[in-house]
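Atom set for the values below is all heavy atoms of this structure, side chains included, hydrogens, waters and symmetry mates excluded.
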Amino acid sequence: MELELEPLKLPSDNERPFVIAGPCSAETEEQVMTTARQLASKGCHNFRAGVWKPRTKPGGFEGNGEKALPWMKRVKDETGMKVATEVATPEHVELAMKYGIDILWVGARTSANPFAMQALADSMRGIEVPVFVKNPVNPDLELWIGALERLNQANVKRLGAIHRGFSSYDKKMYRNLPMWQIPIELRRRIPQLPLINDPSHIGGRRELIAPLCQQAMDLGFDGIIVESHCSPDDAWSDAKQQVTPDVLDFILSLLVIRDEKVSTEGIHELRKQIDEIDNQLVELLSKRMRVCREIGTYKKEHNMTVLQPTRYNEIIDKRGAQGALCSMDSDFVKTVFEAVHQESVRQQMEIINR
């Protein structure tokens, strides 16, 4: 379905993107107010803090709940900033509206659960404040879009999306893998939907926030939501991924904001070359699949299994190494040939099962 959206006014200029900043958790009134005043002095217009904190395991700090909402109202009254927090239940929504929260977001664990999303949608019916939906913990674009659709069907029209990365058992550089191709596809499917990046949760470490912010800007994101704390090392939750307002101000000052309105005339010829090469790639893939089908016929005639693990490993390892020699990431090349091999197996299975 096509989303019925009302435009969100996300204040930004040529020097800085739209920013929502503040601590992971609203810990104490003093911590909230100190951080808020510091951010306001740096020109921040939108303050975030977690009032309810869903933790992976019980026993950790899970937020102050309703007790923290008057602190958020005080931030709004004294600094003029809009205030934002995460909601996960209809009760959260009711309390957030009672205390005048300006911006809501739905977390990754909630957006992954259609039952929870439907309950939230019912409680938000006709709500007029902006609602941002984080991507589900797993890399499922349809689930992300489904969460947005549930809210939109409840007449929530001021919607946006937050890219916070995707959980992975294999932790490498990032806390959550960016998998940029998924938010890029979301933008292609719903171009009018505001898209902001969460470098804090993707990186999991404060030293990764700056490069992730720049990557988001290079990809045309509309803004960022970032965790900033007056004393990050003393934070009660996610201390390693928070930065001080001073550091955040420095990061933002270094950002290069790309101009999407610049004419593409200067790269027209290069794009023509890309189109020609893409045509050649498709033709070559077609030839490869034709050979694969002939191999499928041979396997059927000689009662062979479709999957030959030794041959598959040989292809993946050899092409990955070849890609590295050609200045490409070996994992990228392996991913391409994994997809090619999957299609080859599908076509051979069709032949064998005729």
If the threshold is 4.0 Å, N to carboxylate O, is there a salt bridge linking [X] and [Y]?
X: K272; Y: E276; answer: no
X: E86; Y: R48; answer: no
X: K98; Y: E66; answer: yes
X: D238; Y: K53; answer: no
X: E142; Y: R189; answer: yes

Do the ring planes of [X] and [Y] sit parallel (below 30°), tilted (30 to 60°) or perpendicular (above 60°)?
X: H302; Y: Y298; result: parallel
X: H92; Y: W52; result: parallel
X: F61; Y: W236; result: perpendicular

State, with a plain yes or no, whether a side-chain heavy atom of [X] is found less than 4.5 Å away from one of [Y].
X: N46; Y: I225; value: no
X: D233; Y: R206; value: yes
X: R158; Y: L151; value: no
X: W105; Y: I20; value: no
X: Q31; Y: H229; value: yes
X: N64; Y: E29; value: no
X: I182; Y: N135; value: no

Locate the shortest heavy-atom distance separating [X] from [Y]; write the atom from each residue and the value.
X: D198; Y: K134; value: OD2-NZ, 2.9 Å
X: G296; Y: I352; value: O-CG1, 4.0 Å
X: K82; Y: D102; value: CA-OD2, 3.3 Å

Go through the structure and list residues passing salt bridge (charged side-chain N to carboxylate O under 4.0 Å, His left out) with D278, not counting sequence neighbours. none
